[in-house]
Protein chains: 2
Amino acid sequence: MPKITFFNLPEDKKETLIHAAKKEFSRVPLYDASIANIIKEAGIPRGSFYQYFEDKEDAFFFLLNELTKEHKYIFIHILTRNNGDIFETMIEFFRIIISEEENFNFLKNTFLNMTHRIESTFSRSFSSNERNESFEKFSSLIDKSLLNILDANELFYVLKIIAAVTFRSFVDKFARDLPIEEAMNSYLIEMNLLKKGLYRDIPEST
Amino acid sequence: MPKITFFNLPEDKKETLIHAAKKEFSRVPLYDASIANIIKEAGIPRGSFYQYFEDKEDAFFFLLNELTKEHKYIFIHILTRNNGDIFETMIEFFRIIISEEENFNFLKNTFLNMTHRIESTFSRSFSSNERNESFEKFSSLIDKSLLNILDANELFYVLKIIAAVTFRSFVDKFARDLPIEEAMNSYLIEMNLLKKGLYRDIPEST
DNA sequence: TTGACATATGACATAGTGTCATTTAGAATA
DNA sequence: TATTCTAAATGACACTATGTCATATGTCAA
C-alpha cells in the first residue's frame, strides 16, 4: 500500500503520479520499469517517490488493485444481469477486458508477466484463491442449478477451473496479439468444452 | 542459448557451472538471482560468465530447458504406458513433478514467477502453445476415442485446457506449500470435473 | 619459434535503487 | 505578528548489480 503521504496529496498531483506510473508500467513490465522514468514524467524529485510509495512494486500493485476493483464491479454487474449464469458472464466479461483500449498495454504487460503475486491480486476481480468471504459472496450470486456440482466444495473447484482457463486465454490473446474476434472464438470453444466435459462416456457394452 | 564457449568447456567445469546456477535459481527466482552469487559459487571470474552465457536469463532458460527435456521424456513414457489415456497420464505426471525433491526449490521459484516466456518453455514438456510438430507428435500418442471431441482442432483446445488447469494446480501446490496428498486430492477433483463437464444439461421440458 | 586463434580475466563505465541529512512549507500556538 | 512544531520535499550519496573491453594467457599448427 502507498504511504499516507500519498493519500494526503492534492487530487491533481495524485492524478499526475498515477498517470506517470501507469505510463511506465504500460511501456514495460514491472521488473523492467524504472522509477527514474516515473519521476521524470511526473516531474517530482526522486526522494518524493519514496515518500509516497515503498518501492516500484508498491506503486504497481496500487494501480493493479484499482483496476481490479473496477473489474470486480463490472463482473458482478454482469453476473447479476445474467441471473447467475457463470458461463454467460465469463464470456461477456472476457470480451470487455480484451476490448479495453485505455489499459491495453498495462494489461498486456501484466498478463505476460503474471507472477503468482500478480495473479492473486488480479484474481480478486472474479474469483478467489481461497475459500474466503470473497468466495462466499460470488457463490451467492451464482446460479448453482446450472452447474454439474454436488456441493459448495465442488463449486470452488469449478470456479478455479474457469479462472485458470480464462487466465490462459487472456495470456494467449496478448502474447499472440490475437484480434478480438479470434480470441473470442477460441474462448467460446474452450468454454463449451468445459461445459460439456472433456471425457466421452464409454457406452455400456450390450 | 549459451555460447559455444560453454559447450566447449570440459565436462567437470560445465557441471560446476550448472550446479552453481541451479543453486542460485533455487534460492531465488530469476529476477532476484545474482550473477555475483553464481560466479562466486562456481569460482570463476565475472568476465567468464559472459563468455558462456548471454546473461542471467540465458543461464536460467538453459537449465529450464534441460529440466523440461527430462519431463517430456517422462511424460511420453507414461502416456505410452497408459495407452494414450491423457487424464491418467496427467495425474501420474502431476504426482511425479510435485514429488521431485532435487528440483523442488527451482520448480517452486519457477512456478511462482511464471511469466509467459517461462511458461512457453515449460509447456513443451507436455503440450504446446501452438499447433506445431510438437502438437502433432503428442496428438498421435493420445487415445482420442476417450475424448469428447469432434476433430483435431478440438483436441488442441482440450489439451490447452488441461494444461491451464494443471499449471494452476502446480502454482497452488507451491504457493500454499500443500502436502503432496492434499495437492493430489485437489488435482483429482479438478480432473474429474473436467472429464464430466461443468455444466448440467437442463432436461428437455416434457 | 612464431603466429593465429580461442579463451580468461578483472577493472571499469553505466545504470538503477533506496536512504538520509537538510531544507521548506504550512498549520498551530503564543 | 512572531514562534514553534510537524509534515513534506529534496537531491546528493552510498550501494549494488550489470555488461563491456582492453589486455593477458594458453594452445595448436606450420
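A note on names: the letters A, B, ... follow the listed sequences, proteins ahead of strands, and every chain is numbered from 1.
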For a quick check, with a 4.0 angstrom heavy-atom cut-off, what is the B/S/- contact string for nucleotides 22-27 of chain D, read 5' to 3'?
------

Can you name the nearest heavy-atom pair linking Lys144(B) to Leu155(B), along with the distance?
CD-CD2, 3.7 Å

Spacing between Asp58(A) atom CG and dG18(C) atom P, to the nearest angstrom
11 Å

Using 0.5 Å steps for rounding, measure from the CG atom of Leu107(A) to the CG atom of Leu112(A).
10.5 Å

Send over the distance from Ile4(A) CD1 to dT6(D) P, rounded to a whole Å.
16 Å

Nearest whole angstrom, please: distance from the C1' of dA7(D) to the OH of Tyr50(A).
21 Å

Flag, side chain of Glu182(A) to backbone of Leu178(A), donor-acceptor distance under 3.5 Å
no

Determine the sole option in Asn82(B), Leu147(B), Leu146(B) for which the side chain to side chain contact (heavy atoms under 4.5 Å, CB included) test with Phe87(B) is passed.
Leu147(B)

side-chain contact (heavy atoms from CB on, under 4.5 Å) evaluation trace for Phe25(A) with Thr110(A):
CA-CA 8 Å; Phe25(A) 293 125; Thr110(A) 303; over 6 Å; no

Does the pair Ile118(B) and Phe61(B) meet the rule for a side-chain contact (heavy atoms from CB on, under 4.5 Å), with working shown?
CA-CA 8 Å; Ile118(B) 294 179; Phe61(B) 282 102; 3.8 Å; yes

Aromatic ring pairing Phe167(A)/Phe122(A), orientation class (parallel under 30°, perpendicular over 60°, tilted between)
perpendicular

Once you apply a heavy-atom cut-off of 4.0 Å, does Lys13(A) come out as touching a base, just sugar-phosphate, or nothing?
sugar-phosphate

Round to the nearest Å and state the distance from Lys14(A) atom NZ to dA8(D) atom C1'.
15 Å

Do Asn109(B) side-chain atoms and Ser26(B) backbone N/O form a donor-acceptor pair below 3.5 Å?
yes

In whole angstrom, give the distance that lies between atom CD of Glu54(B) and atom C1' of dT20(D).
13 Å

Please check the phosphate of dA7(D) (OP1 and OP2 only) for any side-chain N or O of Asn8(A) closer than 4.0 Å.
no

Looking only at heavy atoms, which two atoms of Met184(A) and Ile98(A) are closest? And how far apart?
SD-CD1, 4.1 Å

May I have the distance from Lys3(B) (atom NZ) to dT20(D) (atom C1'), rounded to whole angstrom?
10 Å

Which residues in residues 15-49 of chain B have a heavy atom closer than 4.0 Å to any atom of DNA chain C?
Pro45(B), Gly47(B), Ser48(B)

Measuring to OP1 and OP2 of dA9(D), would you say a side-chain N or O of Tyr52(A) lies under 4.0 angstrom away?
yes

